[in-house]
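Bear in mind that the values here come from a model prediction, so they are computed numbers and not experimental data. Below, chain A is the first sequence line, B the second, and so on; all start at residue 1.
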Amino acid sequence: MTEKAKRPSLTSLVGQMVVPGDNIMNLPTDGQEVRLGGGLRQIGDHLISTRAGIVRHHQPGKYWMEGSQKRYVPAVEDSVIGIVSNRHGESFEVDIGAAAKATLPMLNFEGASRRNRPNIKVGQLVYARVETVHREVDPELSCVDNYGKSNGFGALNGGYMFNVTTGLARALLTVPTAPVLAALGKALSYEIAVGINGRVWVNSTNVTTTILVSNAILNSEFLTSDQAEFMVQKLLECLKQTADA
Amino acid sequence: MESREDGREDNQMRQLACERNLLNRADGSARWSQGQSCVLAAVYGPRSTVGRKENPEQANIEVVFKPKIGFAGVEEHELEHVIRKTVEGVVLTSLHPRTGISVILQVLQNDGSVLACAINATSMALIDAGVPLKGLVAAVAIAVQESGGLILDPLLTEQKLARGMVTVAFVDAQPTEAGVPTEADTLTCTTSGLFSADQYLDSLNWGRTACSRIAAFCRVSLERYQRGSQMLA
């Protein structure tokens, strides 16, 4: 296969803030393929935004809008944290913060069979992957990857969960690691799971650490990387002072 | 030309102010003020609804309008209806079938043009909630005076002395459904009182100009908020 030539983005608005109803770009006339993600729709030859946010572009020809919301709208292959709200014969009913409850079939766990069912109770947290989404039916979750391995998915035991905006959740999942998590990781040891649905789960051996990590994350939404590091340093100093006292 | 009681020109708006994301539990919220008039809007949804409200084709929109004092009466229910029709005209309801979107409006202070103020607050709260929209909505009120002259964005006292009132809302979307870029689409127009057709058409033109300026303000307000969250990346 020949190497695909990198295509420049078709709009100068990439990385810019737009509001609903803005014309992002006109459809290319030379037969280039364009794929639309969330927040964009096509009207005639125009691509129009339906949300306020930043236009993003990925090779080749993928465009979507990135914003920050409190309400989660499910999308396939999102990693989410759900609260088990009911247990049916073959599946769990899970609240992922979307309009409809999601279903998590009991066989969608690593090593699960009809005989060997996962032991999850109502009220427990699960870290799962969104497998199917359709506006007419409830979303379906899975706790295994495409190879049948758990790969980090499954029940979350202990710890503490809190809500953030979807924008902050996405920022925490970036590579390289978000500055606030990098700064916390240098000084403390803790476990974290971030769901793109705006839920963050933190666990550590010590309650004070869990509280500190959660506060640092909640404070970090509008901070630059230097500010985030400074904020974490301040919190750690407070922790040290109370421990000494 | 005699200036108005607060020293404005006839076609001058009061000062606009908007603040978003103030309510902790709502999915989206905004406080919009035009001078002393101020409305707080909260948007919940798209969330699941029950029973008869569930529509298999589109999201169900519910508007609750609360006056500053007392209970909602006939006037408030009329406003709720106008605002609901406006919201239905701009939200892409077919993207979230079988769900409900609730808009709760609380008047914090009524100093005239409260319907326009409420529609503007709703628009910003819907954007804050991330509900898919056709475009930015902006609304403005125009009063027809006894002398026959028009005044933009009337105060409560001016509103009481007026012969008639026009409240218009426009979508500030660039291309229309047909794909032809236009300046703005009329979304809602409610009138009360008695005035001539020319006065009505003039007030529509005034409204269109004022709404494009309000939309420009919304854009600046949204960009400023976005810049804050962009600092993380």
Side-chain angles (χ1 to χ4, degrees), chain A residues 15-24 26-27 38-54 65-73 95 97-101 134-138 163 165-168 170-172 174 178-180 220-228, chain B residues 20-21 24-29 43-49 56 59 90-92 94-101 123-124 126-137 171-181 185 215 218-219 221-233:
Chain A
Q16 298 283 311
M17 163 84 194
V18 296
V19 301
D22 277 5
N23 189 357
I24 305 300
N26 293 337
L27 280 180
L40 293 175
R41 66 176 185 144
Q42 181 197 346
I43 302 174
D45 292 336
H46 307 283
L47 295 183
I48 312 294
S49 69
T50 63
R51 285 204 299 248
I54 293 167
M65 297 279 301
E66 211 168 87
S68 188
Q69 276 100 42
K70 287 195 206 165
R71 173 73 53 172
Y72 171 65
V73 177
D95 168 27
K101 291 274 170 67
H134 191 268
R135 64 178 87 137
E136 310 292 344
V137 292
D138 292 349
N163 292 317
T165 61
T166 55
L168 179 56
R170 197 172 290 111
L172 292 174
T174 49
V180 62
S220 72
E221 181 153 16
F222 298 111
L223 300 184
T224 61
S225 73
D226 289 346
Q227 285 171 325
Chain B
R20 291 193 300 144
N21 201 7
N24 189 25
R25 303 196 56 158
D27 291 317
S29 55
V43 170
Y44 295 82
R47 60 181 178 184
S48 57
T49 47
V90 77
V91 171
L92 298 164
S94 56
L95 291 180
H96 295 288
R98 300 184 303 118
T99 62
I101 298 170
S123 165
M124 291 307 265
L126 285 168
I127 290 173
D128 191 40
V131 174
L133 301 175
K134 283 183 191 161
L136 268 179
V137 188
V171 186
D172 190 53
Q174 285 170 347
T176 59
E177 292 288 348
V180 188
D185 287 328
C218 293
R219 200 176 278 268
S221 167
L222 288 164
E223 271 169 14
R224 194 170 299 155
Y225 180 82
Q226 189 69 36
R227 217 172 293 145
S229 63
Q230 215 179 342
M231 282 159 73
L232 240 186

Residue pair A:Thr50 / B:Lys134, side-chain heavy-atom distance below 4.5 Å: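 When only atoms from C-beta onward are counted, B:Lys134 and A:Thr50 do not touch, as no gap falls below 4.5 Å.
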
Heavy-atom pair with the smallest gap, counting every atom of B:Ala26 and A:Lys70: O-NZ, 2.9 Å

Heavy-atom closest contact (A:Arg41 atom, B:Leu92 atom, distance):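 That closest heavy-atom pairing would be NH1-CD2, 3.3 Å.
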
What part of [X] gets within 4.5 angstrom of chain B, counting heavy atoms only: side chain, backbone, both, or neither?
X: A:Arg71; answer: both
X: A:Thr165; answer: neither
X: A:Val73; answer: side chain
X: A:Glu136; answer: both

Does any backbone or side-chain atom of [X] lie under 4.5 Å from a heavy atom of chain A? Answer side chain, backbone, both or neither.
X: B:Leu95; value: both
X: B:Ser29; value: neither
X: B:Val90; value: neither
X: B:Ser48; value: both
X: B:Ala215; value: neither

Residues A:Asp22, B:Arg219; criterion salt bridge (charged side-chain N to carboxylate O under 4.0 Å, His left out); working and verdict: CA-CA 11 Å; A:Asp22 277 5; B:Arg219 200 176 278 268; 3.0 Å; yes

Contact winner vs chain B - A:Arg135, A:Arg51, A:Gln16, A:Met65, heavy-atom pairs under 4.5 Å: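 The option with the most such pairs is A:Arg135.
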
A:Val19: which of B:Leu136, B:Ile127, B:Asp172, B:Leu133 passes side chain to side chain contact (heavy atoms under 4.5 Å, CB included): B:Leu136

Separation between CD of A:Gln69 and CG of B:Asn21, rounded to the nearest 0.5 Å: 11.0 Å

Distance (rounded to the nearest 0.5 Å) between A:Asp138 CG and B:Arg98 CZ: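 Interatomic distance, A:Asp138 CG to B:Arg98 CZ, rounded to 0.5 Å: 6.0 Å.
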
